[in-house]
Each structure stands twice: as C-alpha cells, then as structure tokens.
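Counting begins at 1 with the first residue of the sequence.
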Amino acid sequence: MTSRSALLVLADGRFPAGGHAHSGGVEAAVKAGRIKDAAGLEAFCRGRLHTTGLTSAGLAAAAAHGLDPYELDAAADARTPSPALRAAARRLGRQLMRAARAAWPSPELEALATAFPRGAHQPVVLGTTARAAGLGPEDAAHCVAYETVGGPATAAVRLLSLDPYQATAVLARLAPDMDRVAARAAAAARQGVDALPAASAPLLDLTAEQHATWPVRLFAS
C-alpha cells in the first residue's frame, strides 16, 4: 500500500543519502560564470531537469515498477558517459542503500546491496527503496525530479550567497516542470527498459570531468 508519509521521508533533505555533498554541476557552472543569480540558476535547473533529471527519473520509476535492477543499472551506465558522474552515482547509491536498509529493510534491497557491493546507480537504488517503502513509479519519479533541482538550488545558495528565498522561488516556479517530468518518466517505465528516456546534457558531462580534477572544491561533484 502506498504511503504518502514514506514519500515525504524519502524526499526530505535530511534523509542521510549523501546528496548534500554534491552540487549537480552547479559548482562548475558558477566558476565558469554560467550561473550568477537566480535567473541563471532557474535556467540551469530547468535544463538539468528535462535532460539528466528525466533520464534518472525514468530509471527510478522503472526500479519502483519492479523491472530488473541489474538491467537497469546497465542502462544507467549506458546513459552516463562521464566516468566522474558514473562514480558519483555509485557513491550516492551506496550511501542511499545504507539509509534505505535501515529505514525499510527488504529482500530486494538486500539482494541489490549484495549484487553491487560498491554501489548501484543512485536512481536504481532510489526506485528499489521506493518499492520497499510501498511507493510506486510516480512517487519515485517525483523524488528524483525534486532532487534534480533541489540539490543544485541548495548548492547555489552556498556558492553564490544567494538569497534562500530566491532559491525557493526558483523551485516553486519549476514545480509544473517537475510534475511533467515525473509523469513522463513513470509512463515510460511501464513500457520496459528499452522505452526509458535517454536524454543527455553533454556540457554537464564535460564539466564534471573538469571538476573532478580540481585540487580544491567545495562539492564532490
């Protein structure tokens, strides 16, 4: 049975899944001068949401729907050309798995943790967690959609000393886009792995590789 409270727990920024240490590409974009204010943040988040966010939401929705997590992890690899982002996704997946197993113990989570001791891709873990919590594909997709823009918004507040009220307003304006992305991802998940979105953002991939070489940085990615 679906639990709305479980959705709130999973989407809560205090859930110890490690996302606070990652900027979602914002740190590199700020340094390059592509994000200077709330308007720049909104444009960045909208682009990220409709590309990598849509792809990740589809993977999470598919895992919540019960599709093969091993096949989904391979699909996530194929959709993540940047080695730095693949490594980050697995680190986040490993951290999320620790929190998920404590909150919602389940045979599916145990099997996934055993199969991927170094971490499965974070969207696959999130979708499997949603399933263990009694949530469905739409719930998992909504979690990813919010996470896709919520993390960068929080990072921008720290990196730019951006007014938190302005960052929150950006998220509020993006809410209809989040709903559309989640709905599209959940619909694709019900059609099988081959129907999952594969939208990409090449600039995010390139800057992630550059960011990984920085000797000093505030965020892990």
Side-chain angles (χ1 to χ4, degrees), residues 1-3 6-12 15-19 22 24 49 51-148 151 181-200 205 208 221:
M1 181 176 65
T2 301
S3 169
L7 175 62
L8 295 176
V9 172
L10 186 57
D12 193 328
F15 194 68
H22 297 261
L49 177 62
T51 53
T52 58
L54 173 62
T55 299
S56 295
L59 291 162
H65 190 49
L67 299 188
D68 184 348
Y70 310 103
E71 190 175 357
L72 290 174
D73 193 79
D77 252 355
R79 286 162 170 75
T80 313
S82 162
L85 290 181
R86 285 200 299 271
R90 292 192 181 281
R91 285 197 302 270
L92 284 167
R94 185 169 63 248
Q95 179 117 356
L96 173 58
M97 179 64 77
R98 291 179 61 194
R101 290 166 77 187
W104 298 289
S106 79
E108 287 177 291
L109 285 173
E110 292 301 321
L112 189 61
T114 300
F116 296 95
R118 296 186 178 181
H121 275 264
Q122 193 262 4
V124 179
V125 179
L126 189 147
T128 306
T129 301
R131 186 173 174 84
L135 300 169
E138 291 86 355
D139 301 312
H142 271 98
C143 281
V144 172
Y146 179 76
E147 181 180 77
T148 296
V181 164
R184 182 179 170 189
R190 291 189 168 88
Q191 300 176 45
V193 176
D194 291 341
L196 293 178
S200 64
D205 295 322
S221 70

CG (L112) and OG1 (T128) are apart, to the nearest 0.5 Å, by 5.0 Å

Rounded to the nearest 0.5 angstrom, the CG-CG distance for D139 and L10 is 9.0 Å

Would you call R86 and D77 a side-chain contact if the rule is heavy atoms closer than 4.5 Å? yes

Taking side chain as C-beta onward, heavy atoms only, is T52 less than 4.5 Å from S200? no

In this structure, CD of E147 is separated from NE2 of H22 (nearest 0.5 Å) by 10.0 Å

The residue among D73, V125, V124 that forms side chain to side chain contact (heavy atoms under 4.5 Å, CB included) with F116 is D73

Rounded to the nearest 0.5 Å, the CG atom of L7 sits from the SG atom of C143 at a distance of 4.5 Å

Check whether any side-chain heavy atom of R131 lies under 4.5 Å from a side-chain heavy atom of E108, and answer yes or no.
-> yes

Review point. If you measure only the distance, is there a donor-acceptor pair under 3.5 Å linking the side chains of Q95 and Q122?
Key: no

> Would you find more than 12 non-hydrogen atoms of other residues, nucleotides or ligands less than 6.0 Å from R184 atom CZ?
Replying inline: no

All heavy atoms of A115 vs all of Y70, minimum pair found to be CB-CE2, 3.2 Å

message: Side chains of L85 and D205, heavy atoms from C-beta outward: is any pair under 4.5 Å?
response: yes

* Asked: Counting only N and O atoms by type, is there a donor-acceptor contact under 3.5 Å from the side chain of R79 to the main-chain atoms of A75?
  -> yes

task = Could you tell me whether the side chain of R118 and the main chain of R91 form a donor-acceptor pair under 3.5 Å?
result = no

Rounding to 0.5 Å, atoms OG1 (T80) and CZ (R90) come to a distance of 8.5 Å

Closest non-hydrogen contact found for A100 with T129 is CB-OG1, 3.2 Å

Taking A61's backbone N and O only, do any of them form a donor-acceptor pair with H65's side chain (distance below 3.5 Å, no angle check)? no

In the structure I gave you, are the side-chain heavy atoms of V9 and W104 within less than 4.5 Å of one another anywhere?
yes

With a 4.5 Å heavy-atom cut-off, do L196 and L72 have their side chains touching?
yes

Here the pair of heavy atoms bringing P197 nearest to L54 is CB-CG, 3.7 Å

Rounding to 0.5 Å, atoms OH (Y146) and CG (D12) come to a distance of 9.0 Å

All heavy atoms of A208 vs all of S82, minimum pair found to be CB-OG, 3.9 Å

If you count every heavy atom of other residues, nucleotides or ligands that lies below 6.0 Å from R98 atom CZ, does the total exceed 12? no

Before giving the answer on side chain to side chain contact (heavy atoms under 4.5 Å, CB included), spell out for H121 and L59 the whole-Å C-alpha distance, their side-chain angles and the decisive distance to 0.1 Å. CA-CA 9 Å; H121 275 264; L59 291 162; over 6 Å; no

